[in-house]
Structures are given as structure tokens and as C-alpha cells.
Amino acid sequence: MNIKDLQKLFVLFCLALVAVSCGDKDDPEPSLEEVELAVFSEETKVVIPEGLKNSSSSEAQAVSSMIESMTSSIGAYSSLFTIPDGATKLSSPIEAANGRMDANSVTYEWSYQGGAVAYQITELSDSYFFEIFFKEAGGPYYKWFEGTQAKDGKSGSFVMLDFEADARVEILTYEYEIRNDGSIYGEYNYPSWGYSFIFEVLADGSGYIKSYDNNVIQVEYIWNADGSGNWTYYDESGAVSSTGSWTAG
């Protein structure tokens, strides 16, 4: 094979690379109005195994209640992150008295409980930043909620703020990650109360929850895919005080 033949092969190879690159190009990103906060999606929802939900054990029922509380504590505010019909699109982003302002944002405003709510979303390089603001009639805007999520939807956060406070005061924070093996890992924190818990649920439905009071572990629940499991209680110093198990219902 001579030099010219090698040059032709090289050109054909380069053209093939260009064709593959063009064929694999991602779909256009959605407009900011179309982006939804993934923390409210079914993909990030923690599912309770039927055997755990139906168990007669008080510890199993405690686990079920904690998981349901995780879902309801955040899901109750999902409607605020949906732009309603009749909302007004603002010409500039909001700078809240207890928050910061972002450029390259889309902001909508609508009436809410005698005042107004504004929904603002900002596109960053590899993620989205969501904000909800509230103001009383004639007053300034205060940030109420904020959330982040990676553009692939596999990780994110959610924060509830005290909108009546002049400075930033976090009431609830939540961070999650959807891992490549299908498991979901999350951390909930209630900073004002010193209460927090972490959880992980695997693809088969098994998982664990650990609860902390001022960073000292209080209780740990571990369950299997069939809903059976075991528990460990700790004393004020974090030492094991009692253990036990339950059967699936």
C-alpha cells in the first residue's frame, strides 16, 4: 500500500469519526420553563416494600412512617415549582432580601395567599438552580425554597428556608444521589432542631435508615427486599442500647 492509499484511508477514517459524532449528538436541551425539579419525580421516590409496609412490627411501621414522611415533607410543595396558567414572566431576575441573584434566569410571578410567589430557574454549566420566593402585599421578596439538580437528573438538593427571617435560616435540607447500580442515597437535615437522617435504598428494595440527634446516632433500621429487617437503638452517648428484628408482613 502506497502513501496515497494511506492518505485516502486516513481521510475516510476521519469522515467516519465525524459521521459518528454527528449521529450521537444529544437532543437539544429543554427550555428553562420545561425543566422540572427531579426531586419530585417518581425516579427519586423511595418505594416501601410491601412486606415492610404490611408488617405488624412497631419498628417496621416506624420505618414506613419515616419513609412516607420523607416523601410528604418535600412533595407537599411540588405545586409551587409548576408555573400556573396566568403567571407573569418578569423581565429581570429577583434579588431576595435573604438570598442571592443569578444571571441567565427565567422568572415567573403569580398571586398567592394575599401576596405573591415567584418561581425562578437558572441554567448553570452542568446543573439547574431552582428558587421560590414569597412576598406579602407591598413587601420585598424573601426566598422560601431552593433546589439544584444535575442535568442528568441523577443528583440534586432541596432546601426550605425561613422566609420571615432577614438572614438565611435553613429549616430543611435534602440531598440525594441516584447511583449507577440503581440505588438511591439521601441525607435529610433539620438544622434548627439538630435532627438528621441518612438512607440508602438498593435496586431490589432493601435498604437502611440511620437517625441522628446533634450528630449522635439514635436508631438504625435495616430491611431486606422482602420487608423483613432488624433495628438497633442507641443511648445518648451513641452506644448500643438494644437490638431486635422483625418479619415481613
Side-chain angles (χ1 to χ4, degrees), residues 35-82 128 130 145 147-160 171-191 193-213 215-235 238-249:
V35 176
E36 297 180 354
L37 187 58
V39 72
F40 301 124
S41 71
E42 289 297 317
E43 186 178 9
T44 63
K45 184 178 180 180
V46 178
V47 179
I48 305 173
E50 289 298 317
L52 176 60
K53 187 186 303 183
N54 297 328
S55 175
S56 59
S57 165
S58 59
E59 281 75 22
Q61 290 303 307
V63 175
S64 296
S65 296
M66 290 179 71
I67 295 175
E68 290 175 349
S69 176
M70 287 191 303
T71 302
S72 62
S73 62
I74 291 179
Y77 302 102
S78 60
S79 62
L80 291 174
F81 289 81
T82 301
Y128 297 104
F130 301 79
F145 299 97
T148 64
Q149 75 178 49
K151 287 187 175 179
D152 62 6
K154 299 301 183 182
S155 63
S157 65
F158 180 87
V159 181
M160 180 179 183
I171 297 175
L172 163 68
T173 69
Y174 171 53
E175 296 181 1
Y176 73 90
E177 177 185 2
I178 302 175
R179 295 172 171 165
N180 292 334
D181 61 3
S183 64
I184 300 177
Y185 174 83
E187 297 183 9
Y188 278 81
N189 285 278
Y190 298 85
W193 305 330
Y195 174 69
S196 63
F197 61 88
I198 63 174
F199 72 88
E200 183 174 15
V201 178
L202 304 183
D204 65 359
S206 62
Y208 68 83
I209 290 181
K210 297 180 182 180
S211 174
Y212 296 83
D213 185 2
N215 296 320
V216 178
I217 189 168
Q218 299 295 300
V219 62
E220 178 181 20
Y221 298 108
I222 302 174
W223 65 92
N224 303 308
D226 66 354
S228 62
N230 58 78
W231 49 267
T232 302
Y233 289 126
Y234 300 84
D235 63 21
V240 175
S241 61
S242 61
T243 61
S245 62
W246 70 81
T247 57

message: Quick check against the 3.5 Å criterion: does Gln61 have a side-chain atom that pairs as donor or acceptor with the backbone of Ser56?
response: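 Not confirmed, Gln61 side chain does not pair with Ser56 backbone.
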- request: Keeping the roles fixed (side chain from Asn224, backbone from Gly227), state whether a donor-acceptor pair exists under 3.5 Å.
  value: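 Looks like no, no N/O pair under 3.5 Å.
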Least distance between heavy atoms, [X] atom then [Y] atom:
X	Y	value
Pro49	Gly205	CG-O, 3.4 Å
Ile209	Phe197	CG2-CD1, 4.2 Å
Ser196	Asn189	CB-OD1, 3.0 Å
Ile198	Glu187	CG2-CG, 3.6 Å
Gly186	Tyr174	CA-CE1, 4.1 Å
Leu172	Tyr188	CD1-CD2, 3.8 Å

Value rounded to 0.5 Å, distance of [atom1] in [X] from [atom2] in [Y]:
X	Y	atom1	atom2	value
Asn54	Ser64	CG	OG	8.5 Å
Ile171	Thr173	CD1	OG1	11.5 Å
Thr232	Ile217	OG1	CD1	8.0 Å
Phe130	Ser157	CZ	OG	10.0 Å

Sequence neighbours left out, what passes side chain to side chain contact (heavy atoms under 4.5 Å, CB included) with [X]? Give chain and number order.
X	value
Val216	Gln218
Glu200	Arg179, Ser183, Tyr185, Leu202, Tyr208
Glu59	Ser57, Tyr221, Trp231, Tyr233, Trp246

Within 6.0 angstrom of Asn215 CG, more than 12 heavy atoms from elsewhere: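 No, because the 6.0 Å sphere around CG of Asn215 holds 12 heavy atoms or fewer from other groups.
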Chi angles and distances behind the side-chain contact (heavy atoms from CB on, under 4.5 Å) call for Glu220, Ile222: CA-CA 7 Å; Glu220 178 181 20; Ile222 302 174; 3.7 Å; yes
query: Is there a side-chain contact between Gln149 and Tyr176, using heavy atoms and a 4.5 Å cut-off?
result: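 Yes, close enough: below the 4.5 Å cut-off.
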